[in-house]
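Okay, structure first, notes after.
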Amino acid sequence: MKSVVTTVIAAADAAGRFPSTSDLESVQGSVQRSSARLEAAEKLGNNIDVVARDSYDACIKKYPYLNNAGEAHSTDTFKAKCARDIKHYMRLIQYCLVVGGTGPLDEWGIAGGREVYRALGLPTAPYVEALSFARNRGCAPRDMSPQALTEYNALLDYAINSLS
Amino acid sequence: MFSNDAQCRLLFTKESLMLDAFSRAVVSADASTSCIGSNKISELREYLAAANRRLDAVNAIASNASCMVSDAIAGIICENQGLIQAGGNCYPNRRMAACLRDGEIILRYVTYALLAGDASVLDDRCLNGLKETYAALGVPSTSAVRAVQIMKAQATAHIQDSPSEALAGAKLRKMGTTVAEDRCASLVAEASSYFDRVISALS
């Protein structure tokens with residue numbers, strides 16, 4: 001699992017040297033920005049059910065055809081799976097906020113995602129819509145501090161770009 | 001699909017495991033597909049609050065590494081002169097050099113673990129199979145363990161930045177970082193636990 005610290009260590013190890021001053025400085029740089037990230041992670045973690053549910057509702061509202069027989073949102077099982085997927089993305093975004101990098105999204109959300117959706121015949125546009133809804137609803141300082149919101153939105157953008 | 005077992009293993013080899021305090025939290029939360037809870041996040045905030053001290057500690061060890069290693073190896077030889085006599089494991093120079101190199105490697109991985117706040121990199125990249133390797137090469141584990149014990153004491157002194165004048169003499173060297181009131185007791189304990197991990201892996 002990649003994070004700033006593990007990346008630094010992997011590079012130092014590949015060169016067979018002790019952590020250098022610049023290694024330590026890059027860790028410190030990430031430490032300095034981390035309070036905003038952890039704030040966003042904590043707020044998202046505490047409200048993830050609401051955030052995921054609202055995003056899910058938004059995408060089904062925008063793409064009502066999904067409710068038609070045979071479509072991806074036509075049965076209770078399908079509905080539950082859709083809601084679960086949205087929450088899954090939000091959870092990965094929380095993980096990314098904690099590690100301070102896109103490692104969790106890359107490894108568990110994006111790698112192979114396109115192939116899976118294609119194999120299952122799922123459209124990606126509704127996912128984009130759900131994440132865009134989450135992207136646009138956040139409001140500082142109502143929901144979290146401006147810096148925290150910036151970090152949160154950047155990760156949502158990253159996930160949206162990977163799907164579009 | 002796979003023509004033989006070896007090929008299959010090659011493709012599915014577990015990726016090397018390296019975690020830090022943050023990715024450890026992520027991996028364990030993912031195991032139960034749950035978010036990272038508030039209590040875990042406050043633990044991570046503690047790591048961050050003490051991060052400058054941790055970086056100073058890593059810097060203290062890294063800056064003194066070659067001295068620590070050569071002193072530790074000199075120490076085991078002082079205590080056991082047989083090592084540098086014909087047939088000893090630090091004789092001739094070629095084997096002495098290998099010994100110094102191994103001391104540095106172990107210290108380096110302990111330093112990585114201290115930086116990460118997690119022992120996985122030490123376990124996975126250094127200790128995994130080390131005992132078996134040493135057994136195969138005929139390295140005496142008592143001497144190796146003793147060298148690690150010496151490095152542990154040195155690391156403690158460097159993290160606390162409290163080298164004793166009586167012991168260090170002319171070699172006395174202070175890092176001169178701001179000294180915390182508790183002499184970084186929790187970091188000393190953490191670093192010691194990584195050295196203990198090496199010792200128990202070798203014993």
Side-chain angles (χ1 to χ4, degrees), chain A residues 1-21 23-35 37-49 51-52 84 87-88 90-101 103-105 107-109, chain B residues 15-27 29-30 32-45 47-52 54-59 61-66 68-69 101 104-105 107-118 120-122 124-126:
Chain A
M1 174 56 57
K2 265 182 135 184
S3 74
V4 175
V5 180
T6 56
T7 310
V8 159
I9 292 175
D13 190 23
R17 57 172 167 73
F18 279 83
S20 66
T21 312
D23 290 339
L24 298 182
E25 266 169 18
S26 76
V27 172
Q28 207 201 15
S30 126
V31 163
Q32 279 164 352
R33 290 195 301 127
S34 60
S35 65
R37 290 200 325 259
L38 286 186
E39 183 200 335
E42 192 167 24
K43 301 249 162 81
L44 175 60
N46 289 338
N47 297 302
I48 194 153
D49 287 317
V51 173
R84 180 206 59 190
K87 191 172 166 184
H88 183 62
M90 301 313 292
R91 185 165 57 83
L92 292 180
I93 285 171
Q94 199 226 11
Y95 293 169
C96 290
L97 287 166
V98 170
V99 296
L105 262 178
E107 290 173 32
W108 297 332
Chain B
E15 64 179 308
S16 114
L17 180 78
M18 176 163 40
L19 300 171
D20 64 346
F22 296 85
S23 43
R24 167 80 67 191
V26 164
V27 169
D30 186 60
S32 59
T33 55
S34 56
C35 277
I36 293 162
S38 289
N39 47 350
K40 194 74 212 171
I41 289 181
S42 21
E43 266 177 49
L44 294 172
R45 286 210 174 97
Y47 171 103
L48 293 166
N52 268 344
R54 182 180 294 271
L55 296 178
D56 285 346
V58 169
N59 186 30
I61 297 178
S63 306
N64 292 292
S66 66
M68 288 170 71
V69 172
R101 180 205 59 195
E104 185 175 320
I105 290 175
L107 183 60
R108 188 158 57 81
Y109 283 104
V110 168
T111 314
Y112 292 160
L114 185 62
L115 177 59
D118 191 277
S120 59
V121 61
L122 175 66
D124 185 55
R125 298 197 175 189
C126 178

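Below, chain A is the first sequence line, B the second, and so on; all start at residue 1. Bear in mind the structure is a predicted one, so any value in this text is a computation, not a measurement.
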Could B/Lys40 and A/Glu42 be called an ion pair, given the rule that one side-chain N must be under 4.0 Å from one carboxylate O? no
Contact between [X] and [Y] at the side-chain level, heavy atoms closer than 4.5 Å - yes or no?
| X | Y | value |
| --- | --- | --- |
| A/Asn46 | B/Ser38 | yes |
| A/Arg91 | B/Asp30 | yes |
| B/Val58 | A/Phe18 | no |
| B/Tyr112 | A/Thr6 | no |

Max heavy-atom pair count under 4.5 Å with chain A, selected residue of [options]:
| options | value |
| --- | --- |
| B/Ser34, B/Ala25, B/Ala51, B/Ala65 | B/Ser34 |
| B/Leu44, B/Ile61, B/Leu19, B/Asp20 | B/Asp20 |
| B/Ser63, B/Ser23, B/Ala116, B/Ser120 | B/Ser23 |

Under 4.5 Å, counting heavy-atom pairs only, tell me which of [options] racks up the most with chain B.
| options | answer |
| --- | --- |
| A/Asp13, A/Ile9, A/Val5 | A/Asp13 |
| A/Gly45, A/Ser35, A/Ser34, A/Ser20 | A/Ser34 |
| A/Val31, A/Leu38, A/Val99 | A/Leu38 |

Please look at [X] and chain A and tell me whether the side chain, the backbone, both or neither of the residue comes under 4.5 angstrom of a heavy atom of that chain.
| X | value |
| --- | --- |
| B/Ala62 | both |
| B/Val121 | side chain |
| B/Thr33 | both |
| B/Asn52 | side chain |
| B/Ile105 | neither |
| B/Ala21 | neither |

Applying side chain to side chain contact (heavy atoms under 4.5 Å, CB included) to B/Ile41 and A/Gln94, what does each step give before you reach the verdict? CA-CA 11 Å; B/Ile41 289 181; A/Gln94 199 226 11; 4.1 Å; yes
Would you give the length of the straight line joining atom CE of B/Met18 to atom OG1 of A/Thr7, rounded to the nearest 0.5 angstrom? 7.5 Å
How long is the gap from CG on B/Leu115 to CG on A/Asp23, to the nearest 0.5 Å? 8.0 Å
Within 6.0 Å of CZ in A/Arg33, more than 12 heavy atoms from elsewhere: no
Verdict with reasoning, B/Val26 to A/Trp108, per side chain to side chain contact (heavy atoms under 4.5 Å, CB included): CA-CA 12 Å; B/Val26 164; A/Trp108 297 332; 3.6 Å; yes
For the residue pair B/Thr111 and A/Pro19, what are the closest heavy atoms and their distance? CG2-CD, 3.9 Å
